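As the structure is a computational prediction, the values presented were derived from the model and not from experiment.
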Amino acid sequence: MRRARMTVVAMVTGAALSLLGTGVASAGTGPAPSTPNTQTGTAGTEAGNPASSAAQAAGVCSDAYQIGTTSYIYRGPDTIASVKQFYSPNCNKNYGYLWVWKSFLDKNINFDVKVGVWSYKRNFLVGQRLEFGTHAQEFWGNAADTTGECTSGEGTLTLPNEAGPYTARSSQRC
């Protein structure tokens with residue numbers, strides 16, 4: 001009984017943190033990663049590949065890299081997606097990123113997606129991109145001119161006939 005209670009507390013805490021984001025980092029742009037983005041090819045990845053077909057279709061700049069921490073979208077106890085924020089120094093833009101986990105895709109449920117960059121200054125989702133009735137895995141928001149603001153990557157999945165939506169924000173960056 002005690003172990004089950006601890007598991008429920010851990011799941012609820014994890015879900016709450018994913019909705020709120022964690023920590024605050026310095027500078028909306030953030031330092032460049034110590035290792036450059038080594039993604040190759042046009043395949044999407046959970047880590048986020050700015051050279052992927054989906055990224056290119058959304059106009060993501062090829063030098064984009066993740067800033068802040070990854071957050072997760074939960075449906076009950078199941079993790080169904082990852083949410084991140086990316087920054088491009090060459091384009092001076094931020095991008096929201098959402099990756100739907102294969103374990104959820106295997107359920108064969110079509111869903112709606114909203115992804116972008118949450119601006120705490122504007123209290124608004126910037127660079128918002130919407131997809132309806134999809135079963136895809138990788139989603140990039142449009143370029144967001146938010147590098148001088150406190151931001152988070154935000155992603156939402158809405159499922160038919162469920163109260164949802166299921167939403168998460170990555171850590172806040174200022």
Side-chain angles (χ1 to χ4, degrees), residues 9-39 44-52 54-75 79-101 111-131 136-158 164-174:
V9 169
M11 288 186 328
V12 169
T13 301
L17 288 175
S18 73
L19 288 173
L20 297 174
T22 57
V24 175
S26 63
T29 57
S34 56
T35 56
N37 187 341
T38 57
Q39 300 291 331
T45 66
E46 194 278 330
N49 177 7
S52 74
Q56 293 307 297
V60 176
C61 294
S62 62
D63 68 325
Y65 61 86
Q66 182 178 350
I67 58 173
T69 58
T70 303
S71 192
Y72 300 94
I73 297 177
Y74 298 93
R75 181 180 180 224
T79 305
I80 62 173
S82 304
V83 176
K84 302 171 188 277
Q85 181 177 196
F86 281 73
Y87 166 69
S88 163
N90 287 345
C91 298
N92 198 34
K93 303 289 183 195
N94 291 328
Y95 305 90
Y97 181 70
L98 187 141
W99 177 264
V100 181
W101 287 28
F111 48 89
D112 299 338
V113 168
K114 179 170 60 172
V115 62
V117 174
W118 182 260
S119 166
Y120 292 88
K121 177 181 178 182
R122 304 178 205 184
N123 201 30
F124 187 77
L125 191 63
V126 182
Q128 176 176 288
R129 186 179 211 82
L130 301 168
E131 297 281 338
Q137 188 164 40
E138 178 186 26
F139 302 90
W140 289 86
N142 296 311
D145 189 14
T146 56
T147 57
E149 304 172 30
C150 292
T151 58
S152 294
E154 180 176 296
T156 300
L157 271 82
T158 304
Y166 302 97
T167 301
R169 286 185 187 155
S170 64
S171 61
Q172 181 177 349
R173 299 286 299 197
C174 294

Note, [X] side chain near [Y] side chain (heavy atom, < 4.5 Å):
{"X": "F111", "Y": "V100", "answer": "yes"}
{"X": "I73", "Y": "L157", "answer": "yes"}
{"X": "N92", "Y": "Y87", "answer": "yes"}
{"X": "R122", "Y": "T146", "answer": "yes"}

> Who are the ring-ring contact (aromatic ring centres under 6.0 Å, His included) partners of Y97, not counting sequence neighbours?
Replying inline: F86, W140
Closest contact, heavy atoms only, [X] versus [Y]:
{"X": "V60", "Y": "A64", "answer": "CG1-CB, 3.9 Å"}
{"X": "S82", "Y": "T70", "answer": "CB-CG2, 4.0 Å"}
{"X": "D63", "Y": "S88", "answer": "OD1-OG, 2.6 Å"}
{"X": "P50", "Y": "Q56", "answer": "O-NE2, 2.6 Å"}
{"X": "E138", "Y": "S52", "answer": "OE2-OG, 2.8 Å"}

Test of understanding: with side chain to side chain contact (heavy atoms under 4.5 Å, CB included), list the residues that count as partners of [X], not counting sequence neighbours.
{"X": "D145", "result": "K93"}
{"X": "E131", "result": "V113, R129, T134, F139"}
{"X": "N123", "result": "W118"}

> Do any pairs count as a salt bridge (Lys or Arg N to Asp or Glu O under 4.0 Å) and have a residue in residues 79-90, sequence neighbours left out, and if so which ones?
Replying inline: E46-K84
> Sequence neighbours excluded, which residues qualify as side chain to side chain donor-acceptor pair (under 3.5 Å) partners of S119?
Replying inline: E149
>> Under a 3.5 Å cutoff, is there a donor and acceptor pairing between the side chains of Q172 and T151?
In response: no
Is there a donor-acceptor pair closer than 3.5 Å between any side-chain N or O of [X] and the backbone N or O of [Y]?
{"X": "Q128", "Y": "N142", "result": "no"}
{"X": "E154", "Y": "G116", "result": "no"}
{"X": "S170", "Y": "V83", "result": "no"}
{"X": "Y95", "Y": "C61", "result": "yes"}

> At what distance, to the nearest 0.5 angstrom, does OG of S171 lie from CD1 of I67?
Replying inline: 8.0 Å
> Where do Q85 and S152 land on the side chain to side chain donor-acceptor pair (under 3.5 Å) test, with the steps shown first?
Replying inline: CA-CA 6 Å; Q85 181 177 196; S152 294; 5.4 Å; no
> Between T147 and N94, does a side chain to side chain contact (heavy atoms under 4.5 Å, CB included) hold up when you go through it step by step?
Replying inline: CA-CA 6 Å; T147 57; N94 291 328; 3.8 Å; yes
